[in-house]
Amino acid sequence: MDTPIWTSPRTNAPKVFFMTKKDNKSIKVVLPPLKKILIIGGGGRENSLAWALSKSPEVLKVYVAPGNGGTEDHSNCYKLNIDDTNSDELINACKSLEIDLVIIGPEKPLAAGLADVLRQANLVVFGPGKQGAQLEASKQWAKKLMVEANIPTAKHWTATSEKDALQILNAIQTPLVVKADGLASGKGVTVCNSLTETKAAIKEAFTGKFGEAGTKLVLEEILKGPEVSIFAICDGKNLRILPPAQDHKRLLDNDEGPNTGGMGAYAPTPILTKKQLQMIEEEIMLPTLKALIKKEIDFRGVIYAGLMLTDEGPKVIEYNCRFGDPECQALMPLMGPELAKVLQSAALGALEIGPKLLPKDILSVCVIAASSGYPDNPRKGDKISINLEEKEGLPIQLFHSGTTINQEGELITSGGRILSIVAQGTNYQNAFKTAYMALKKIDFKGIYYRCDIGYQVRNNEPSFE
Ligand code: AMP
Ligand code: GLY
């Protein structure tokens with residue numbers, strides 16, 4: 001018979017583990033049962049997480065709040081119509097549904113302190129509290145942490161007024177990256193090609209384009225090199241690194257057009273060798289976690305480091321405090337059924353008790369279909385037709401982001417990024433071919449997707465029309 005025991009005095013998070021008698025002499029500490037999970041968020045990241053976590057043999061139900069039009073397409077996944085700002089209702093739902101683990105997907109509720117509120121209600125939560133979420137919610141805070149911990153990053157200056165910012169620019173006399181300090185839905189960064197552009201970006205930020213997020217600016221030197229997204233699952237003291245992923249942030253082919261939340265991804269990216277990934281773990285990810293510990297922050301969630309591989313080695317261009325989207329969608333099919341218990345062990349501050357992560361030895365790719373007008377003003381409310389044959393057995397997944405079901409029961413567009421096809425293969429050429437063929441079977445007015453996702457790793461066919 002399993003007996004609850006209590007460990008770890010670190011935070012007010014619940015820390016109930018179970019001990020099982022292995023034989024007469026020794027005991028084994030194991031994790032509590034994990035039958036029901038609640039995922040908070042409504043994008044493709046949450047849709048793919050729900051799909052992956054429902055594959056754990058122990059998990060009976062995965063709820064997603066508020067979810068989207070695709071939540072209930074996955075077996076054992078259920079949509080809850082509760083907004084992430086309504087913590088009372090979320091807590092009530094967790095209690096009445098007997099939720100064993102809550103996973104918070106997006107940065108906004110994390111930055112608003114939802115994880116703290118849920119932990120105070122004695123729930124087991126994967127996602128950092130408000131303090132830890134500063135990694136993403138304040139670029140200045142994150143920069144300070146990097147400087148203190150000697151983590152390689154771009155040189156930077158902060159400014160709280162247009163006058164200060166222009167003075168800094170005047171002294172440096174070189175084009176800069178202009179970043180709003182706070183959360184700006186991926187739109188707060190301008191990489192400037194000239195002094196005139198830099199001046200214009202500074203002026204624009206201080207006219208209130210980013211609201212409260214832009215009242216302080218971080219100005220950065222421009223780095224050059226390919227980018228890579230690294231995710232570490234953290235339990236407050238240890239971490240586990242996922243396969244490295246490559247995102248495509250620009251809207252248009254050839255990495256042109258405005259920055260978006262991400263138009264496609266693939267993982268693992270061959271851009272890093274195992275040795276380089278280990279170096280990144282030792283010289284960037286672990287020092288980041290140690291710096292958080294030094295600030296007495298018990299970070300239980302994902303540290304996402306956006307890196308640029310420069311001639312001087314990898315440098316951090318930004319941190320996020322959650323899984324990246326679309327990278328998460330590409331990564332989920334690489335995860336085994338142990339993922340749910342790994343996230344639970346991290347939420348309990350005890351990765352060492354959880355299973356080992358065993359990513360599959362295959363490649364996974366994701367192509368996002370967006371609505372015309374994305375990212376500034378996407379058209380919404382159009383019917384979506386999906387003519388994919390039986391997906392069972394095929395190495396593809398359809399994940400929804402900005403979709404909803406209208407009163408007539410029809411699936412319609414309701415956001416910027418609408419849905420994605422994720423496909424696996426033993427080589428990138430085939431995996432992308434499968435994904436692009438499947439995309440042809442999906443339609444809605446104004447559908448748009450990049451044709452060159454993965455151009456970095458495709459040899460013969462750089463673009464699928
Ligand atoms: P962020 O939101 O900070 O990730 O920035 C969005 C994008 O802007 C990044 O993915 C990079 O492509 C670019 N970027 C940000 N910082 C720099 C930098 N210091 N040098 C060059 N490009 C940058
Ligand atoms: N894919 C970039 C992000 O999630 O911020």
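Indexing begins at 1, ligand by ligand and atom by atom, following the structure's order.
Here the protein heavy atom with the shortest distance to atom 8 (O) of ligand 1 is V189 CG1, 3.5 Å. With hydrogens left out, the protein atom closest to atom 9 (C) of ligand 1 is E227 OE1, 3.5 Å, a heavy atom. Of the protein's non-hydrogen atoms, the one nearest atom 14 (N) of ligand 1 is V191 CG2, 3.9 Å.
Figure legend: cation-pi geometry between R458 and F432, with NZ or CZ positioned under 6.0 Å from the six-membered ring centre and within 45° of its axis.
Residue E221 places a heavy atom under 4.0 Å from ligand 1. Under the 4.0 angstrom criterion for non-hydrogen atoms, P326 is in contact with ligand 2. Using a 4.0 angstrom heavy-atom cutoff, M308 counts as in contact with ligand 1. Taking a 4.0 Å cut-off on heavy atoms, G262 fails to register as neighbouring ligand 2.
Compare N259, N320, D247, T260 by their heavy atoms: the one nearest to atom 2 (C) of ligand 2 is in D247. Counting heavy atoms only, N259 comes closest to atom 7 (C) of ligand 1 of the residues N259, L176, T190. Between atom 15 (C) of ligand 1 and the options K179, E220, E318, the minimum heavy-atom separation is to K179. The heavy atom nearest to atom 4 (O) of ligand 2, considering only R322, Q329, E318, E107, is found in R322.
A side-chain donor from one of Q344 and K341 sits under 3.5 Å from a side-chain acceptor of the other. Side-chain atoms of T273 and Q276 form a donor-acceptor pair, as typed in the model, at a separation below 3.5 Å. Between Y455 and D253, the side chains place no donor N or O within less than 3.5 Å of an acceptor N or O (distance only, hydrogens not considered).
Within the 4.0 Å heavy-atom criterion, the part of Y304 lying near ligand 2 is the side chain and not the backbone.
Ring geometry for H248 against Y266 counts as tilted: the plane angle lies between 30° and 60°, on a 0 to 90° scale. By the 30° and 60° cut-offs, the orientation of the rings of Y304 relative to F231 is perpendicular.
Looking at R322 and E107, a side-chain N of the basic residue comes within less than 4.0 Å of a carboxylate O on the acidic one, giving a salt bridge.
For the side-chain hydrogen bond (donor to acceptor under 3.5 Å, both in side chains) with Q278, the qualifying choice from E282, K274, K275 is E282, the only one to do so. Each of K315, K143, K139 was evaluated against E220; a single residue qualifies, K143, per the salt bridge (charged side-chain N to carboxylate O under 4.0 Å, His left out) test.
At least one N or O atom of E327, backbone or side chain, sits closer than 3.5 Å to an N or O atom of ligand 2. Taking any N or O of L223, backbone or side chain, at least one lies under 3.5 Å from an N or O belonging to ligand 1. An N or O contact shorter than 3.5 Å links G261 to ligand 2 by distance.
The salt bridge (charged side-chain N to carboxylate O under 4.0 Å, His left out) search around E256 returns none, not counting sequence neighbours.
The contact set between ligand 2 and G324, taken as ligand atoms under 4.0 Å from a residue heavy atom, comprises 4 (O). Each of the following atoms of ligand 1 lies closer than 4.0 Å to a heavy atom of K139: 2 (O), 3 (O). With ligand atoms numbered from 1 in the order given, ligand 1 contributes 16 (N), 17 (C), 18 (C), 19 (N), 20 (N) to contacts under 4.0 Å with heavy atoms of V177. Atoms of ligand 1 found under 4.0 Å from any heavy atom of K249, numbered from 1 in the order shown, are 10 (O). The atoms of ligand 1 that sit less than 4.0 Å from any heavy atom of I222 are 20 (N).
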Passes side-chain contact (heavy atoms from CB on, under 4.5 Å), L398 versus L419? Steps please. CA-CA 7 Å; L398 168 67; L419 41 77; 4.1 Å; yes
side-chain contact (heavy atoms from CB on, under 4.5 Å) for V422 and S48? Distances and angles first, verdict last. CA-CA 10 Å; V422 177; S48 64; over 6 Å; no
